[in-house]
Number of protein chains: 2
Amino acid sequence: MAGDFLAALPDVSNDRPYLAASEDEATKRVERVLRSHRRSFSAGTILKMEREPCSETYCMLDGWLALSKSTEDGHRQIIDFMLPGDIMNPASAHRNTSAVQIEGLSQTTVSVIPNVIWANLTEAVPALKWRATCMTASVRSRMSERMLRLGKGNSEMRIAYSLMELFLRLRMIGKVDGFSFQLPMTQQQLGEFTGLSSVHVCRTMRRLSDKNILTTNGKMDIVISDIERLARSAGVGLDTLANEILPN
Amino acid sequence: MAGDFLAALPDVSNDRPYLAASEDEATKRVERVLRSHRRSFSAGTILKMEREPCSETYCMLDGWLALSKSTEDGHRQIIDFMLPGDIMNPASAHRNTSAVQIEGLSQTTVSVIPNVIWANLTEAVPALKWRATCMTASVRSRMSERMLRLGKGNSEMRIAYSLMELFLRLRMIGKVDGFSFQLPMTQQQLGEFTGLSSVHVCRTMRRLSDKNILTTNGKMDIVISDIERLARSAGVGLDTLANEILPN
DNA sequence: CGAAGGCTTGACGGTATTCAAGCATAGTGG
DNA sequence: CCACTATGCTTGAATACCGTCAAGCCTTCG
C-alpha cells in the first residue's frame with residue numbers, strides 16, 4: 001500500500017539533494033505510518049463536516065471521497081474527488097477547521113495522519129514531501145480548469161471535461177479498461193460536481209451519447225467511444241490536460 | 001517591504017520548533033532576496049501566458065494581479081486575484097509550465113524568485129515557509145467558496161460573495177477606508193471573475209444598489225452600506241468567511 | 001473637440017431549472 | 001416467487017435566469 005505513495009514518484013534525488021534516509025528505511029517508515037493510521041469507511045459515510053475541527057492529512061489508499069461545500073438553502077457543490085494515491089489536507093486558512101465536507105462515495109480506505117506526525121514524516125522522507133507538493137499543484141490545476149468551465153462553459157463542456165478529467169486520473173492509477181470505467185456516483189452527484197441539475201446531467205449525457213461520443217448504461221458505467229470529440233467538447237486536448245493536471 | 005512577509009506572521013516558534021536563524025538575520029535575508037528579484041509592471045502587462053514555462057515563485061509587494069484561464073472561443077475566467085503579501089507559484093502539476101495567465105490590473109511590484117532560491121530561503125526561514133503554507137490553504141479555501149457559488153449561486157450571490165471576499169482581503173492589508181474600497185478593474189473583468197457577462201454585472205450591482213446594500217459611482221469605487229445584508233446575499237457570515245479564507 | 005473605452009438600459013432568445021409523471025432496477029419481506 | 005418499496009434514470013412542459021445584440025450616454029485623454 002505504502003508503495004503507492006512512493007513508487008510513482010519521479011527520481012527526485014537528482015535535482016533535490018535532500019539528506020534522505022536510505023530508500024528502504026524511508027519506505028518502511030512511510031509504510032508503518034500509513035498502516036497504523038489506516039481506517040475504512042463504507043459508502044455514504046461522512047468522515048468530516050464543514051468547519052469541523054481538523055488537524056489531519058488524508059492519504060487515500062482505496063476508494064473514492066468527495067469534498068463538498070453547501071449553501072444554506074441545501075444546494076451542494078462537490079469541490080473535488082479524492083482517488084487512491086491522493087494526499088489532502090482539508091484545512092481552511094485558519095488551519096484548524098476543515099473547509100469542506102468529506103464523504104465516501106464507495107467503500108474507502110484512508111490513512112488519516114495527524115499533522116505533526118505527517119510533518120515529521122515528510123521531513124524525513126523528501127520523496128513524500130515532493131509528492132505532496134505535486135499533489136497540491138495538481139489539485140490547484142484541475143480546480144482551475146473546472147472553474148473555467150463552471151464560469152464560462154455550457155453543460156456539454158462541463159460534463160465532457162469532468163469525464164475527461166476523471167478518465168485521465170483513473171487511467172493513471174490503472175482503473176480504466178481501454179476507454180471504459182465506472183463512476184461510483186449518481187447523476188445527482190455528477191450534477192453537484194458540474195454545477196448542473198440531475199435532470200440536465202441526464203439530458204446532456206444523452207446528447208453526448210446520441211452523438212456517439214460515449215455510451216452509458218444508466219448505471220454510471222462510461223465508455224468513451226470518441227475521445228477526440230469528447231476532448232473537443234471539453235475544450236482541451238487530451239495530452240495537454242494530462243500534462244497539466246496529473247502529478248508526474 | 002520584506003517586513004510585509006514576516007510581520008503579519010503568527011508566532012510559529014512555539015508549536016513548530018524549527019532550527020531558525022536569528023530573527024534579525026532571517027528578516028535581512030528575506031529582505032535581500034525580495035529586493036534583488038523585485039520587478040515592476042504597469043497596468044495591463046501580461047507577466048506570463050498560459051502554459052508558458054515557469055519555475056518561479058511570485059511574492060506580491062504592491063498592486064493587483066489577475067490569474068486567468070481562457071477557452072478556445074475567447075471566453076476568459078479569472079481564477080484568482082493576487083494582492084500585496086500574497087505568495088504564489090503558478091505551476092501546473094507538470095511543475096515547469098504555468099497553469100494560468102498572469103496579468104497586472106494596476107501598477108504592480110512583484111518579487112519573482114526562481115524556485116531553487118525560494119526553496120533555500122524557506123528552508124532557512126521557517127516563518128516564511130509557514131506563511132507560504134497558510135497562503136496555499138487560503139487560496140484553496142477561497143477558490144472552494146467561489147466554486148460553490150459558480151456552480152450553485154445566482155448572479156446576486158456571486159457578486160455579493162466576490163465583494164465580501166475582496167473587502168476582507170483588502171481590509172486585512174489596510175486598503176479599505178471604513179466600508180469603502182476601490183477595485184482596479186472593469187465590470188467586464190468582475191464578470192470574468194464571477195462567470196457573468198459585463199451587462200449582467202451591471203444589472204446585478206444596480207440591484208444591490210437599489211436595495212441600499214452598497215453604493216457605486218460607476219468607477220468601481222465600492223461602498224458597502226449594509227454589510228449584514230451583503231453577507232446574507234453572499235450566503236455566508238462575515239466572521240465565518242474571514243476565519244476561513246484569511247491567512248492567520 | 002473628437003475618439004475611445006466603459007457604464008447603462010431595453011429587447012429578445014437560449015440554456016438550464018423546476019415540477020411532475022412514468023419507468024426500470026435492486027432490495028426486502030411475506 | 002411475488003408484491004412492495006425505495007432509489008435513480010428518463011422525458012415533457014412551463015418558467016426563470018442570464019447572455020447577446022444594440023443603442024445611448026458619460027468620462028477621460030489626446
Side-chain angles (χ1 to χ4, degrees), chain A residues 42-44 66 71 73-78 105-106 148-163 182-210 214-223 233 235, chain B residues 42-44 66 71 73-77 103 105-106 148-163 182-210 214-223 233 235:
Chain A
S42 59
T71 58
D73 55 338
H75 285 127
R76 194 167 85 129
Q77 175 72 34
I78 293 180
L105 294 181
S106 64
L148 170 60
R149 285 158 183 86
L150 280 174
K152 301 296 173 187
N154 58 16
S155 64
E156 186 168 322
M157 182 180 261
R158 295 189 202 181
I159 295 286
Y161 172 80
S162 297
L163 295 179
Q182 217 219 341
L183 302 180
M185 68 186 79
T186 63
Q187 291 187 350
Q188 169 73 29
Q189 288 165 320
L190 185 54
E192 288 170 346
F193 187 53
T194 52
L196 299 169
S197 66
S198 62
V199 173
H200 210 64
V201 169
C202 176
R203 288 192 228 273
T204 305
M205 291 193 70
R206 165 151 295 279
R207 197 156 63 235
L208 289 172
S209 166
D210 288 344
L214 54 81
T215 62
T216 62
N217 62 353
K219 276 182 318 197
M220 296 287 99
D221 293 319
I222 315 284
V223 184
S233 290
Chain B
S42 57
T71 58
D73 54 338
H75 286 127
R76 194 168 85 132
Q77 175 71 35
E103 179 183 344
L105 294 181
S106 64
L148 170 60
R149 285 157 182 87
L150 281 173
K152 301 295 172 187
N154 59 16
S155 64
E156 186 168 321
M157 182 180 261
R158 295 189 202 180
I159 295 287
Y161 172 79
S162 296
L163 294 179
Q182 216 219 343
L183 301 180
M185 68 185 78
T186 63
Q187 292 187 348
Q188 168 72 30
Q189 288 166 319
L190 185 54
E192 288 169 348
F193 187 52
T194 52
L196 299 169
S197 67
S198 62
V199 173
H200 210 67
V201 169
C202 178
R203 286 192 231 274
T204 304
M205 293 193 69
R206 165 151 294 278
R207 197 156 62 236
L208 289 171
S209 167
D210 288 345
L214 55 81
T215 61
T216 62
N217 63 354
K219 274 182 320 194
M220 296 286 100
D221 294 319
I222 315 284
V223 183
S233 290

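Per chain, numbering begins at 1; letters A, B, ... match sequence-line order.
Nucleic acid contact for Gly195(B): sugar-phosphate only, since backbone atoms but no base atoms lie under 4.0 Å from a heavy atom of the residue. Within 4.0 Å (heavy atoms only), Gly191(B) reaches no atom of the nucleic acid at all. Within 4.0 Å of Thr186(B), counting heavy atoms only, lie sugar-phosphate atoms of the nucleic acid but no base atom.
Between Gln77(B) and Gly195(B), the shortest heavy-atom contact is OE1-CA, 4.0 Å. Across all non-hydrogen atoms, the minimal contact from Met220(B) to Met205(B) is CE-SD, 4.1 Å.
Proximity note for Ser197(B) (side chain, C-beta onward) versus dT11(D), dT8(C), dG19(D): the nearest is dG19(D). Between dT15(C), dT18(C), dT9(C), one nucleotide has an atom nearer to the side chain of His75(A) than all others, and that is dT18(C). Candidate nucleotides dT9(C), dA16(C), dG19(D) were compared by shortest atom distance to the side chain of Leu196(B), and dG19(D) ranks first.
Between Gln188(B) atom CD and dA4(C) atom P there is a gap of 19 Å when expressed in whole angstrom units. For the pair Leu150(A) CG and dA16(C) P, the interatomic distance rounds to 13 Å; values are reported in whole Å. For the pair Ile222(A) CD1 and dC9(D) C1', the interatomic distance rounds to 13 Å; values are reported in whole Å. At whole-Å resolution of the value, CZ in Arg206(B) and C1' in dC25(D) are 13 Å apart. Counting to the nearest Å, the C1' atom of dC17(D) and the CE atom of Met157(B) are 15 Å from each other. Distance Asn154(A) CG to dT20(D) P: 11 Å, rounded to the nearest Å. In this structure, the CG atom of Leu183(B) is 15 Å from the C1' atom of dG6(C), given to the nearest Å. Between the CG atom of Asn217(A) and the P atom of dA24(C) there is a distance of 15 Å, given to the nearest Å.
Taking 4.0 angstrom as the limit, His200(A) places none of its side-chain polar atoms (N or O) nearer than this to OP1 or OP2 of dG14(C). Residue Gln187(A) has a polar side-chain atom (N or O) positioned under 4.0 Å from OP1 or OP2 of dT10(D).
Side-chain contact between Leu214(B) and Val223(B): absent, with no pair of heavy atoms (C-beta onward) separated by less than 4.5 Å.
Interatomic distance, Gln182(B) CD to Asp221(B) CG, rounded to the nearest 0.5 Å: 4.5 Å.
Using a 3.5 Å distance cut-off with no hydrogens or angles, the side chains of Thr204(B) and Glu156(B) do not pair a donor with an acceptor.
Checked options Val201(A), Thr194(A), Leu183(A), Leu105(A); the residue passing with Gln189(A) is Leu105(A) (criterion: side chain to side chain contact (heavy atoms under 4.5 Å, CB included)).
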Could you go over nucleotides 12-14 of chain D and give all protein N or O partners under 3.5 Å, atom names and distances?
| residue | atom | partner | partner atom | Å |
| --- | --- | --- | --- | --- |
| dG12(D) | N7 | Arg203(A) | NH1 | 3.2 |
| dG12(D) | O6 | Arg203(A) | NH2 | 3.2 |
| dA13(D) | N6 | Arg203(A) | NH2 | 3.0 |

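A donor-acceptor pair under 3.5 Å links the side-chain atoms of Arg158(A) to the main chain of Gly153(A), judged by distance alone.
Nucleotides of DNA chain D nearest to Ser155(B) and Lys219(B) differ in position, and the one nearer the 5' end is that of Ser155(B).
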